[in-house]
Each structure stands twice: as structure tokens, then as C-alpha cells.
Amino acid sequence: MDMSDSPAIRSFREQVRDFLATNRSKAPSGMSGSNHGQAMDWQRLLIENGYAARTIPEEYGGFGAEPDPLASLVIAEEFTAAGVPMGFSNQGISMLVPTLLEMGTEEQKKKYIPPTLRGEMVWCQGYSEPGAGSDLASLRTRATDDGDDFLVNGQKIWTSTAHAAHMMFCLVRSEPDAPKHEGISYVLIPMDTPGLEVRPLKTMTGHAEFNEVFFTDVRVPKTQTVGKRGEGWRVANATLKHERGMLGDPDATGARFRALVDLMNNEQVNGVRLMDSPVLRDRLLALQGRVMAMRYNGLRLLSARTKGGGGQGGAGARMAGLIVKLQGCELNHQISALALDALGEFGLLYGAPDERMRNKGQWQWAYMFQLGLIIGGGTAQIQKNIIAERGLGMPREPKVRKPDQK
């Protein structure tokens, strides 16, 4: 695939640069936290100009452009180079919206996609349970028939943003007598439904990014089911595909790497720039090679999509897609690890405000949080199994027979 700009792409790139030069003062420093109102205004401006929700149809609140992977690449490159946030990337926009576009009803699309894109509706993911994490199909949260509704009882755990979410997309066991992969339904649940309780879980970051959620006779209309009843496993895997792409975004990793380069160029130890340390610089170069490899792997997937393969253009493209989550999460954590090592004793500062703390402790927080993402969304070990079995065609690991089995 020729990645040089055609005249049309060159013109589009100039258009993006002009937009950034004119509007970058309106961009928030980040897309969450205390500047959420400014972030929502920025999101609306991006949608209006086709730099967010670009290919989402207008009737669902998007810009309505035809899919063009090269245009999307240009947008990502120019926003990243300018250090300007590209808009919201979260469980609702990056995971649920594409799932609804593929499998949702027309009513579900019109009701949920527009406010989700604008940042007005926040979602959480009700997948993992105690005893059903890596083996997600073993989930036990049950949905029993009650006329036009389900009554949901059970528990979810490690539910990111549940404490702040308006809605949850949730897996429940609606067919208790069916095989475990065939008895699951995918339902949408308002977080203010009676009987639903959220309890924050504080992690080693000192914050409660995750939660456990309890369901006691939570009434959910059956019309809130995405896809067919009992076929939620297929819907769930569509969502997981988009989750892996979100967690392994090469543009986000590239931005983290550039922040690390800035840190090493600007910080000193004993009057010597961190970048002038041969040991630290060698580690940085090794990471840079992997960041470049991650980007080119993303271009490989882009090339497959431009050829009409939807990212499935042959065995090579399938393998390129399978490694994204594993590659991205491990690399992000190692970038943060180098930042902490480079900061020396300042890298140990965390928690209480301290004038010597760099970037308000964001490197320390990222190091701990990103370690969790190596586990979340499918552990590194599970990802390696997927790569081996689905990508390389290797035999599945034999199951150990339980003592009570003949």
C-alpha cells in the first residue's frame, strides 16, 4: 500500500491543520475530570467538522462521512502531532456504539447513540464476575422471565466507571439450561434502576476506578436486549473486538511516547539532562522501535481495510489484529516504567501534593493503572492463547481432568 499523500489526501491534511490552527485554543487539556463541560463543547465541535464520529450516520448524531481509512489516519496523525485531544474515547463511544450500529435495533440506535457521542450519556461494561473473568462464559448473573421484563439478580466486578455511569451494557444468563455460550443475553440497563447497587473498589492507585455492582430483582424490559435473546455471546465478542482496538490504539501509545521524550529532554539530574544518560537513552530507543512497530502494524490493518477486507484481509491481517491489545497494553506500561526510572527518587512521589512531583503524579498513576490493563480486557496470557490458537493454528492446551470425572 502506497502511504504517500495523494492530492486529495494532501488537501485534506491541510484542511485538518487549518482547523487545528484556528480552534486549538478551544481544546481542553484532557477529555475528562474537572473540565468535562469544555470537553463536551470540544466534542460537539469535532463532530460538526467531521473529526469525531466521522463515519457515524447523521441520523444517529454523527458526521455522516463515507468510510475512508486514510482520512481517519490523517486526522489521528495531525491531532497527535499538534498535541490536541481527538475527542472522547470510552466504553460507550469506542465499544458500545459500533456494536449497536452492527447489531442494535433502529430504536436502540436512535435512543442511545446520539447522547453517547456527545458525552451526555456515560456507559460501563457489566462483563466480569467473581469466578467469571478470563472464562467469561461461566457468568452466573441470571435474568429470569417476568412478562415483558427480565428480573436480574447477581453480581459484576471490576466494572470501570460504574460509579459515574448512566447506563450499563451487561451480560446475563437468560437460558439456564442452554450450554454456557448459548444461554447468554446482552442487555442495556439504566444505572438508576431500583435494586442496582454500586460499591467502589479502590486500587493501588489510591483511587476507585473500578467497582462491584450488585443486582437484586433489577427489572429490565426485554426490548433492552441487543441482538437475539440467548445469543449475547456473539454480541459480546463484537464488543470485545472493539475494546481490544481501544486498549491497543497506536496513536494513544505514540502520544505517551512523545510525552516521555519531552520529559527526558526537559528534566535534569545533577545538571545533566535525562536524555544525555546513555543507559536511559538506550532504553528509550528500544521503546521507540516497538512504538514504530505498533504503528506499522496499525497501518497493516489499515491497508487490509482499504482493500475491502474490513481488517480481515488474509491470515496476515488477522494476526495483525490479534496482537493489538497485548502489544499496546504491555508497551504503554513499559513507557510509564521508564518515566519513573528516569525520574529517580522523584518517581517515588505519589499521593500528597509535592512541588517536586512531575506532571501531577500522572506517570505514577499511569504505571499502576496500566499494569491493571494488562489483566483487564483479557489477560496477557489469554491474549497469547488467542494468538497461538486462532492466529497460528496451534492445538488447544489439553484440559486437565477433574478428580470427579471419569
Side-chain angles (χ1 to χ4, degrees), residues 28-40 43 85 87-97 99 111-113 115-133 136 139-141 143 152-172 186-220 224 226 236 239-240 242-243 246-247 329 350-351 360-362 364-378:
S29 58
M31 294 301 291
S32 62
S34 59
N35 59 355
H36 189 67
Q38 185 184 6
M40 291 177 66
Q43 178 77 359
F88 291 121
S89 175
N90 53 39
Q91 295 170 102
I93 291 175
S94 304
M95 296 164 59
L96 178 70
V97 165
T99 302
K111 181 177 181 179
Y112 293 120
I113 292 179
T116 300
L117 293 177
R118 294 192 296 266
E120 297 166 0
M121 182 176 287
V122 177
W123 291 79
C124 62
Q125 178 188 39
Y127 274 26
S128 294
E129 300 180 7
L136 181 59
L139 65 92
R140 299 175 63 184
T141 295
V152 178
N153 288 274
Q155 178 187 357
K156 298 293 179 178
I157 199 167
W158 310 123
T159 313
S160 303
T161 68
H163 60 290
H166 305 101
M167 296 287 298
M168 173 189 286
F169 50 97
C170 184
L171 296 181
V172 295
Y186 187 114
V187 296
L188 310 178
I189 306 176
M191 294 300 287
D192 60 358
T193 305
L196 194 153
E197 180 187 0
V198 177
R199 299 180 190 172
L201 291 171
K202 186 175 288 189
T203 69
M204 61 182 170
T205 66
H207 303 284
E209 293 95 356
F210 303 109
N211 305 268
E212 51 185 348
V213 182
F214 296 88
F215 304 82
T216 305
D217 289 336
V218 173
R219 188 171 294 276
V220 181
Q224 294 286 86
V226 179
T239 303
L240 287 170
H242 299 299
E243 180 181 32
M246 179 181 70
L247 293 176
C329 289
Y350 188 67
K360 299 181 180 179
Q362 283 301 302
Q364 292 87 337
W365 178 88
Y367 175 82
M368 292 182 283
F369 185 74
Q370 289 160 358
L371 179 61
L373 293 183
I374 294 174
I375 301 170

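Numbers for residues simply follow the sequence, beginning at 1.
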_side-chain contact (heavy atoms from CB on, under 4.5 Å) evaluation trace for Thr203 with Phe369_ = CA-CA 8 Å; Thr203 69; Phe369 185 74; 5.7 Å; no
*asked:* One pair to check against side-chain contact (heavy atoms from CB on, under 4.5 Å): Val226 and Leu188. What are the steps and the verdict?
replied: CA-CA 8 Å; Val226 179; Leu188 310 178; 3.8 Å; yes
*May I have the step-by-step check of side-chain contact (heavy atoms from CB on, under 4.5 Å) for Val97 and Leu117, ending in yes or no?*
CA-CA 8 Å; Val97 165; Leu117 293 177; 4.3 Å; yes
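The heavy-atom pair separating Gly87 from Gln43 by the smallest distance is CA-OE1, 3.3 Å. For the pair Val172 and Leu139, the tightest heavy-atom approach, listed with the atom from each and the gap, is C-CD1, 3.8 Å. Of all heavy-atom pairs between Met191 and Met167, the closest is CG-N, 3.6 Å. Across every non-hydrogen atom of Leu196 and Ile189, the tightest pair is CD1-CG2, 4.0 Å. Across all their heavy atoms, Pro200 and Ala208 have their closest contact at CB-CB, 3.6 Å. In this structure, Arg118 and Phe88 approach most closely via the heavy-atom pair O-CE1, 4.0 Å.
Counting heavy atoms from C-beta on, the side chains of Thr99 and His242 come closer than 4.5 Å.
We find the OH-NZ distance between Tyr350 and Lys360 to be 14.0 Å, quoted to the nearest 0.5 Å. The SG atom of Cys124 sits 11.5 Å away from the CG atom of Asn90 when rounded to the nearest 0.5 Å. Distance OG1/Thr159 to CD/Gln125: 8.5 Å, rounded to 0.5 Å. Separation of atoms CD (Glu209) and CE (Met368) is listed at 9.0 Å; rounding is to 0.5 Å. Residue Met95 holds its CE atom at 7.5 Å from CG of Leu247, rounded to the nearest 0.5 Å. Rounding to the nearest 0.5 angstrom, the gap separating the CG atom in Leu371 from the OG1 atom in Thr205 is 11.5 Å.
The aromatic rings of Phe169 and Tyr186 sit parallel to each other, their planes meeting at less than 30°, with 60° as the upper class boundary. Ring orientation note: the planes of Phe210 and Trp158 are nearly perpendicular, at an angle over 60° on the 30°/60° scale.
Counted by atom type alone, Thr161 and Gln91 present one or more donor-acceptor pairs between their side chains at under 3.5 Å. A donor-acceptor pair shorter than 3.5 Å cannot be found between the side chains of Thr216 and Glu197.
Counting heavy atoms of neighbouring residues, nucleotides and ligands inside a 6.0 Å radius, atom CZ of Arg140 does not exceed 12 of them. Within a 6.0 Å sphere centred on CZ of Phe215, heavy atoms belonging to other residues, nucleotides or ligands number more than 12.
The only option from Thr239, Thr141, Ile157 that meets the side-chain contact (heavy atoms from CB on, under 4.5 Å) definition with Tyr127 turns out to be Thr239.
In this structure Glu129 satisfies the salt bridge (charged side-chain N to carboxylate O under 4.0 Å, His left out) test together with Lys156, sequence neighbours excluded.
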